[in-house]
Protein chains: 2
Amino acid sequence: MYAHAASTAVAKIDLGGLAICHGLEQRARSHVAAIATIQQAHEGATVFCEGDRADNVYEVASGMLRLYKALPDGRRQITGFLSAGGLLGLSHNDLYLYTAEAITEVNLRRYPRARFERLVDEVPGLARRLLTATSDELRAAQDQMLLLGRKTAMEKIASFLLMMDDLHRDGGDADIVRLPMRRNDVADYLGLTIETVSRTLAKLKRDRTIALPTHDSIDLCDRDRLEELAAGDGGMDS
Amino acid sequence: MYAHAASTAVAKIDLGGLAICHGLEQRARSHVAAIATIQQAHEGATVFCEGDRADNVYEVASGMLRLYKALPDGRRQITGFLSAGGLLGLSHNDLYLYTAEAITEVNLRRYPRARFERLVDEVPGLARRLLTATSDELRAAQDQMLLLGRKTAMEKIASFLLMMDDLHRDGGDADIVRLPMRRNDVADYLGLTIETVSRTLAKLKRDRTIALPTHDSIDLCDRDRLEELAAGDGGMDS
DNA sequence: CGAGTAATTGAACCCGCTCAACTATCGTGG
DNA sequence: CCACGATAGTTGAGCGGGTTCAATTACTCG
């Protein structure tokens, strides 16, 4: 689901390749495909807001989204970044529980919620697939709780870089990971400020653990070192 | 150690009342009940450890558990407290993703994982029920991410007290909420130290927002004030 | 090239942590 | 019943990692 080979090489979006149905039989797939419509969101656009009536479920076809919750005074916590195959809007509540915005140009498959829910009950295996997907998200959320509650800024950044590397290990350059999101998003994902993100990356750069060829790509020169740092085995040497 | 008052007036645990089957037809319920065995855990006991082979799925019949993840150096993040009806061990992975320990005396229903998984595919509606339960956990996890990443100590404590109140609003005394867990657990749940938890509770007590009749129960005198604080609308008056 | 936004860097501050001492509570056994 | 030790919780003093505020530099796109 998160792993997704050569994603950006897809000149035309595969409208039939519904990731939620992966592994289901053809008849089931067509049932689900039947209620899907396509929607685009340009960079920066809001797909839906926390608190809106949850009328649709979405699946990411291409591009990347940020999901976040906010406090009344504007403080944000990004709960996750979603790329091709990711599902959103799946609350069994009446309202969306978070806001979804496009980080890049995004293509979405939209499923009207009422009809989608009916399919979950009718299409054999679909509930099971969604359960797997949701369990995966929950696992990621629990990892993130450990990160937010107990890791230092350095450990957070190291964990984040390795995470992004896992996410789209897309056969490109070996150790180069692309960060489509801004520093602002990184900060709000890790529970830090943009200044701390910037300073921490600068320190990793000085230590030659990473290199920053451009602003939105990072070369993980010393992955072993990053893994030590991410686990809290950072050692005492500054 | 903890007397565990009126709530557990259940002399005999209801072995048939499987919460995961709530709403399923009788035949489905009996299928699930058929593979359940009972297990007890005394206070402080470990049910399973992060990284152990995930051989069983459990359901809490009574009592309370803490689930947590830990870093190599011992830092802990409690990802949740589970009471009657809660499920644990549901990873679709081979290994448990967190450690589960009993906070009070606990009664569990244990389901061998292989057989449980088979039932998920065979019993109609079961996957759907588990999806609902998991979605609920995910929602809670996302709220907790906002708390851990962006709330102040005071906001964390206020949110926590209201959460505990919601959790077992069991018709007992109007505003008295019982905290079965130790300060240590509260701290590791909120990403704070025990000292900060203690100091913050003391401040709320000085402000007459709460009262502490005993160590493990809290009187929410001014719930409105707590809700302001929890949302970050704390106001400027010390 | 120039305006606007994003990112970096520096300096001072502060919230929550660390370290330490003290107090309260509980369980045990004389 | 109290004495005792062990554990949990509270309180205080000082520190420090990360924030805040501010200035500078680097991009991006007309």
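So that the names make sense, note that chain A is the first sequence line, chain B the second, and so on, each numbered from 1.
Mapping A:Met181 and B:Lys151 onto DNA chain C via the closest heavy atom, the residue that lands nearer the 5' end is A:Met181. Sequence order on DNA chain D of the closest nucleotides to B:Arg199 and B:Asn184 puts B:Asn184 first from the 5' end.
Rounded to whole Å, atom P of C:dA24 lies 15 Å from atom CZ of B:Arg183. In this structure, A:Met154 atom CE and D:dG18 atom P are separated by 9 Å, rounded to whole Å. Rounded to whole Å, the distance from CG on B:Asp216 to P on C:dA24 is 18 Å. Between B:Glu43 atom CD and C:dC26 atom C1' the separation is 12 Å, expressed in whole Å. For B:Ile157 and C:dC15, the CD1 to C1' distance is 14 Å, given to the nearest whole Å. The CG atom of B:Leu201 sits 14 Å away from the C1' atom of D:dT11 (whole-angstrom rounding).
The CG atom of B:Leu147 sits 10.5 Å away from the CE atom of A:Met145 when rounded to the nearest 0.5 Å.
Ion pairing between a basic and an acidic side chain is recognised when a charged N comes within 4.0 Å of a carboxylate O; B:Arg225 and B:Asp207 show no such pairing.
Closest non-hydrogen pair, A:Glu43 versus A:Ile103, comes out as CG-O, 3.0 Å. Across all non-hydrogen atoms, the minimal contact from B:Ala187 to A:Arg150 is O-NH2, 3.2 Å.
Taking atom C1' in both C:dC14 and C:dT18, the straight-line distance is 16 Å, to the nearest Å.
Every residue meeting the ring-ring contact (aromatic ring centres under 6.0 Å, His included) condition with A:Tyr111, not counting sequence neighbours, appears here in chain and number order: A:Phe116. For B:Tyr68, the ring-ring contact (aromatic ring centres under 6.0 Å, His included) criterion is met by no residue, not counting sequence neighbours. A search for salt bridge (Lys or Arg N to Asp or Glu O under 4.0 Å) contacts involving B:Arg183 returns nothing, not counting sequence neighbours. Partners of B:Glu50 under the salt bridge (Lys or Arg N to Asp or Glu O under 4.0 Å) rule, at least two apart in sequence or in another chain, are B:Lys69. Applying the salt bridge (Lys or Arg N to Asp or Glu O under 4.0 Å) rule to B:Arg75 yields the partners A:Glu155, B:Asp73; only residues at least two apart in sequence or on another chain are considered. The side chain to side chain donor-acceptor pair (under 3.5 Å) check on B:Glu227 picks up nothing, with sequence neighbours excluded. Taking the ring-ring contact (aromatic ring centres under 6.0 Å, His included) definition, one finds that A:Tyr58 meets it with A:Phe48, sequence neighbours left out.
The closest side-chain heavy-atom distance from B:Met181 to B:Val186 is below 4.5 Å. Proximity of A:Asp219 to A:Leu212: side-chain heavy atoms (C-beta onward) are nowhere separated by under 4.5 Å. The shortest side-chain heavy-atom distance between A:Val60 and A:Arg109 does not fall under the 4.5 Å cut-off.
Rotation axes derived from the C1' atoms of the five outermost pairs at either end of the helix from C:dC1-D:dG30 to C:dC13-D:dG18 lie 20° apart, to the nearest 10°.
Near DNA chain C, defined here as any heavy-atom distance below 4.0 Å, there are no residues from residues 72-81 of chain B. Shown for residues 189-197 of chain A: residues whose heavy atoms fall under 4.0 angstrom of DNA chain D, namely A:Gly191, A:Leu192, A:Thr193, A:Glu195, A:Thr196.
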Identify all pairs in which a protein N or O lies below 3.5 Å from an N or O of nucleotides 1-5 of chain C, and state each distance.
none

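Under the 3.5 Å distance criterion, with hydrogens and angles disregarded, no donor-acceptor pair is assigned to the side chains of A:Asp222 and A:Thr209. No hydrogens or angles considered: nothing links the side chains of A:Arg178 and A:Ser217 as a donor-acceptor pair under 3.5 Å.
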(message) Please encode protein proximity along nucleotides 24-29 of chain D as a string of B, S and -, counting only heavy-atom distances under 4.0 Å.
(response) ------
